[in-house]
2 protein chains.
Amino acid sequence: MRVLLVEDDPLHRAWLREAVRQALPECREIVECADGGDGETRAREMPDACVVMDLQMQPRTGIDAARTIWRERPATRILFWSNYSDEAYVRGVSRIVPPGAAYGYVLKSASGERLRLALRGIFVENQCVIDGEVRGAQQRSAVQSGALSETEYEVLIDIALGLTDQAIALRRGLSLRSVQNRLQAIYDKLGVRAVEGQTGLYNLRGRAVSVAVLRRLLNRATLEHAEADLARWTARHPRPRDP
Amino acid sequence: MRVLLVEDDPLHRAWLREAVRQALPECREIVECADGGDGETRAREMPDACVVMDLQMQPRTGIDAARTIWRERPATRILFWSNYSDEAYVRGVSRIVPPGAAYGYVLKSASGERLRLALRGIFVENQCVIDGEVRGAQQRSAVQSGALSETEYEVLIDIALGLTDQAIALRRGLSLRSVQNRLQAIYDKLGVRAVEGQTGLYNLRGRAVSVAVLRRLLNRATLEHAEADLARWTARHPRPRDP
DNA sequence: AGCCGGCTTGCGGGTTCCCGCAGGACGCGA
DNA sequence: TCGCGTCCTGCGGGAACCCGCAAGCCGGCT
């Protein structure tokens, strides 16, 4: 067994290395790198690698790296090791995990014992290990009233990018009115409707984005990513006449 | 001399402690805590303390803690030790530093040598030490074309919160048209105007917030903070009739 | 079949936003 | 005093947004 560590903070990397050494004595080699891009190329060189991946990295994030790794080798076992349990990150991960793959999500604030257990659980026992706090965030969003469906989430991202209703309709292949319906649903679920006593205080569109950020449904990484998608789309899409 | 360390990550805290021990042998006591709120109370107990402060903490951030510390004792020397050089953070800090106070801003990615130099510079020599990258972000915003004035920045925050033009006018004591003028200025400076070929693609209001986040002018901490301010304002403000 | 709930679409309207135009207030240097 | 630049403000209109109402499609349930 060989392990690839992708983590930009040297301190955390050292701590990780030690945890792996203790939890996985059968591990014959530990390779380390500090950036998502490096992670991808190193993973290519180690077809049997188990990966421990930080999520917040520059310029390529852990999500980016994990996506390409999984695209090339869907059975790869990846443990995400992150500072935050924001829904934005959790959604980002669960969006790219291939069906049937074993993976994990452990917070950096977890104890060494928990980290070591997760390492064995994923890389040896081939099971999924999700920290309680993370699962909490997952549930909170999926079960409670504020459960944005996947399509609603996409529209939320689109308005966060600053697109018009019209543009969203074009992009997602919907009528203008459908987009607006989805918006209504989002406003309801985020609890952004006229709150009886503050009429005209909020611009619902902007407000929705605001509370989404405050509730950690959205973050800069999400946006950056969506921005790149959008750029790709506009490039491919013939812009209508506009003289 | 006594030093107070406020940093939530245990690894980083240990690293910091070691750096202080090396750089400041004359330091007789090092107190550590892991949260902004604790930091404030511990600082109260140590009237002569020098403070090293992480910026990203839960639930009270380093900015929050520094503000109350400086309010009670403006001469306190504080070294901010942060992961990021985002303009949002830099603005946040420079907004609360009292005139004449010595402070520092060093990135966590800096070498141990740089950190130790900063420690001596601030706490012993009583000078300001700002990392090059940070100063870069500062300059980039202040000099280049994309230089939002302080008032424009406030309006930017307001639309990021999802307020209507009307609400902003009320809050800031301006006419509706003036608010809109400021918005025009923001749109120009952020380069969000109709880009010749994509008419009707963007909702300028939302787009401005989007690029502000992407350019790191705004982040979740900024918003959270502004949100609290807003709540205080609406509470104090008699809402107009709306039956 | 028949009914129901969910998703989509069109229509129409009231409101808000975006912004060019133009007039007024203030400070500053000639 | 005049001219100039900068900021605030009102007016007006075109566009975009917010949203109730109603009709159609479709899959599931009895």
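Note that the structure is a prediction, hence the values are computed from the model and not measured. Convention: sequence-line order gives letters A, B, ...; per-chain numbering from 1.
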Any S178(A) side-chain N or O less than 4.0 Å from OP1/OP2 of dT8(C): no
5′-ward residue of the pair R182(B)/Y187(A) relative to DNA chain D: R182(B)
Interatomic distance, L201(A) CG vs dT15(C) C1' [rounded to whole Å]: 15 Å
Passing candidate, salt bridge (Lys or Arg N to Asp or Glu O under 4.0 Å) with D165(A), options R205(A), R177(A), R171(A): R205(A)
Shortest non-hydrogen contact from W70(B) toward I96(B): CE3-O, 3.5 Å
Nearest-angstrom distance from the residue atom CZ of R193(A) to P of dC18(D): 10 Å
Sugar-phosphate only, base, or nothing, as touched by L176(A) at under 4.0 Å among non-hydrogen atoms: nothing
Sugar-phosphate only, base, or nothing, as touched by L183(A) at under 4.0 Å among non-hydrogen atoms: sugar-phosphate
Integer-rounded Å distance: dC17(C) C1' and Y202(B) OH: 19 Å
Closest non-hydrogen atom pair between Y153(B) and A88(B), with its separation: OH-CA, 4.3 Å
Stepwise side-chain contact (heavy atoms from CB on, under 4.5 Å) check, Y105(A) with Y89(A): CA-CA 10 Å; Y105(A) 196 129; Y89(A) 290 122; 3.4 Å; yes
Write out a two-atom table: protein N or O, nucleotide N or O from nucleotides 11-16 of chain D, distance below 3.5 Å.
{"residue": "dC11(D)", "atom": "N4", "partner": "R177(B)", "partner atom": "NE", "Å": "3.1"}

Rounded distance in Å - CG (L174(A)) to P (dG10(C)): 11 Å
Interatomic distance, D188(A) CG vs dC7(C) P [rounded to whole Å]: 13 Å
Nearest non-hydrogen partners of C128(B) and A101(B), listed with the distance: SG-O, 3.9 Å
Spacing between Q166(B) atom CD and dC17(C) atom P, to the nearest angstrom: 8 Å
L156(B) side chain near L148(B) side chain, heavy-atom distance below 4.5 Å: yes
Pair T61(B), Q56(B): side-chain N/O donor-acceptor within cut-off below 3.5 Å: no
Rounded distance (Å) that lies between atom C1' of dC17(D) and atom CG of D158(A): 16 Å
I159(B) CD1 to dC18(C) C1', straight-line distance once rounded to whole Å: 12 Å
